[in-house]
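For reference, the structure is listed below as structure tokens.
Because only heavy atoms are used, hydrogens play no part in the values below, and waters and symmetry mates are left out as well, while side chains stay in.
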Amino acid sequence: MYQKKIGENLICMIIAPGEDIGEQITNFVEKEKIMSGSISVIGAIKDVTFGVYDFVSNTYRREKFTGDYELVSCSGNISYMDGRPFIHLHAAISDHDFKVYGGHLFSCKVTATAEVFIHVGTAKVERFKRGEFGLIEL
């Protein structure tokens with residue numbers, strides 16, 4: 001992984017092949033003590049696990065997409081829960097037939113590269129489990 005501060009509150013990261021995007025962002029945020037922020041990612045990935053929240057069972061239905069995909073768009077935020085960084089990402093991927101899939105991004109591995117931009121916030125944001133659906137919310 002490579003990172004560089006490119007503005008007052010802007011960081012660019014390049015995540016290497018084989019690495020998990022969420023894990024690498026979490027490790028970086030923890031190391032640099034980033035308290036909040038927004039995330040944007042594009043790149044090429046594989047072995048993607050998405051989730052869609054089921055409001056009847058109050059759980060995520062997960063599905064794994066194997067093979068290579070274009071990471072068309074990925075956005076999210078940085079917050080904290082129980083004293084640890086909480087990286088919340090949603091993504092859209094496309095296959096070789098240009099079909100697009102998306103959802104809550106649980107995991108994926110970089111195939112060629114992932115280009116990450118983090119806009120760093122100035123205050124700590126916390127998450128809590130609350131609400132009628134049991135979601136972990138800001």
Side-chain angles (χ1 to χ4, degrees):
M1 179 184 60
Y2 164 83
Q3 74 274 341
K4 181 178 182 177
K5 187 172 182 178
I6 59 173
E8 182 65 30
N9 293 321
L10 188 60
I11 297 166
C12 174
M13 294 173 57
I14 304 299
I15 299 177
E19 295 180 323
D20 183 277
I21 290 174
E23 287 176 9
Q24 291 302 310
I25 293 172
T26 300
N27 292 342
F28 178 74
V29 164
E30 193 166 44
K31 178 183 164 212
E32 297 298 319
K33 298 178 178 25
I34 296 171
M35 295 290 107
S36 63
S38 61
I39 302 166
S40 176
V41 189
I42 57 173
I45 59 176
K46 66 179 180 179
D47 301 332
V48 182
T49 300
F50 279 134
V52 175
Y53 200 76
D54 181 333
F55 290 97
V56 175
S57 67
N58 291 337
T59 60
Y60 277 95
R61 183 177 67 95
R62 294 180 188 223
E63 187 164 338
K64 187 164 186 172
F65 294 79
T66 57
D68 296 328
Y69 293 90
E70 187 76 21
L71 181 56
V72 177
S73 178
C74 178
S75 62
N77 56 51
I78 299 165
S79 60
Y80 276 72
M81 185 169 152
D82 300 328
R84 302 220 3 108
F86 188 101
I87 307 304
H88 188 192
L89 298 171
H90 286 215
I93 59 173
S94 67
D95 64 15
H96 293 288
D97 294 321
F98 301 98
K99 291 181 184 166
V100 176
Y101 306 92
H104 177 93
L105 182 62
F106 281 105
S107 65
C108 69
K109 298 289 184 195
V110 174
T111 56
T113 187
E115 302 168 354
V116 181
F117 282 82
I118 299 175
H119 183 259
V120 179
T122 57
K124 188 173 188 179
V125 175
E126 296 277 350
R127 284 190 175 270
F128 304 93
K129 190 169 187 174
R130 64 172 170 235
E132 66 180 289
F133 300 111
L135 291 169
I136 300 169
E137 302 175 17
L138 293 175

**Request:** Let me see the working for L71 and I21 under side chain to side chain contact (heavy atoms under 4.5 Å, CB included), right down to the final yes or no.
**Result:** CA-CA 11 Å; L71 181 56; I21 290 174; 3.9 Å; yes
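- Here the closest heavy-atom approach between residue D47 and residue K64 is recorded as CB-CE, 3.9 Å.
- In plain terms, the two heavy atoms of K46 and D68 that are nearest each other are CB-OD1, 3.7 Å.
- Identified under the salt bridge (Lys or Arg N to Asp or Glu O under 4.0 Å) test for residues 91-104, with sequence neighbours left out: none.
- Residues passing the salt bridge (Lys or Arg N to Asp or Glu O under 4.0 Å) test with E23, sequence neighbours excluded: none.
- Using a 4.5 Å cut-off between side-chain heavy atoms of Ile, Leu, Val, Met, Phe, Trp and Tyr, V52 forms no hydrophobic cluster with any other residue.
- By the salt bridge (Lys or Arg N to Asp or Glu O under 4.0 Å) test, E115 pairs with no residue at all, sequence neighbours left out.
- With sequence neighbours excluded, no residue satisfies salt bridge (Lys or Arg N to Asp or Glu O under 4.0 Å) with K109.
- Residues that satisfy the ring-ring contact (aromatic ring centres under 6.0 Å, His included) test with F65, not counting sequence neighbours, are F50, Y101.
- The aromatic ring centres of Y60 and Y53 sit less than 6.0 Å apart.
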**Message:** Using the rule given for side chain to side chain donor-acceptor pair (under 3.5 Å), can you reason through R62 versus T49, listing the C-alpha separation, both sets of side-chain angles and the distance that settles it, and then say yes or no?
**Reply:** CA-CA 7 Å; R62 294 180 188 223; T49 300; over 6 Å; no
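- Partners of H90 under the ring-ring contact (aromatic ring centres under 6.0 Å, His included) rule, at least two apart in sequence or in another chain, are H88, H104.
- Considering all non-hydrogen atoms of both residues, I42 and V72 come closest at CG2-O, 3.8 Å.
- Between the side chain of R127 and the backbone N or O of M81, no donor-acceptor pair lies under 3.5 Å.
- F28 has its side chain out of reach of V116: every pair of non-hydrogen atoms, C-beta onward, lies at least 4.5 Å apart.
- Taking R61 as the reference, E63 meet the salt bridge (Lys or Arg N to Asp or Glu O under 4.0 Å) condition, with sequence neighbours excluded.
- In this structure, Y2 belongs to a hydrophobic cluster whose other members, linked by side-chain heavy atoms under 4.5 Å apart, are I14.
- For the pair I93 and V100, the minimum side-chain heavy-atom distance is 4.5 Å or more.
- For the pair D20 (side chain) and C108 (backbone), a donor-acceptor distance under 3.5 Å is present.
- Partners of A112 according to the side-chain contact (heavy atoms from CB on, under 4.5 Å) rule, which considers only residues two or more places apart in sequence or in another chain, are A44.
- Within the structure, salt bridge (Lys or Arg N to Asp or Glu O under 4.0 Å) pairs that include any residue of residues 29-38 comprise E30-R84 (at least two apart or interchain).
- Grouped with F98 in a hydrophobic cluster is no other residue, since no side-chain heavy-atom contact under 4.5 Å to another Ile, Leu, Val, Met, Phe, Trp or Tyr is found.
- The side-chain heavy atoms of V125 and N77, taken from C-beta on, include no pair separated by under 4.5 Å.
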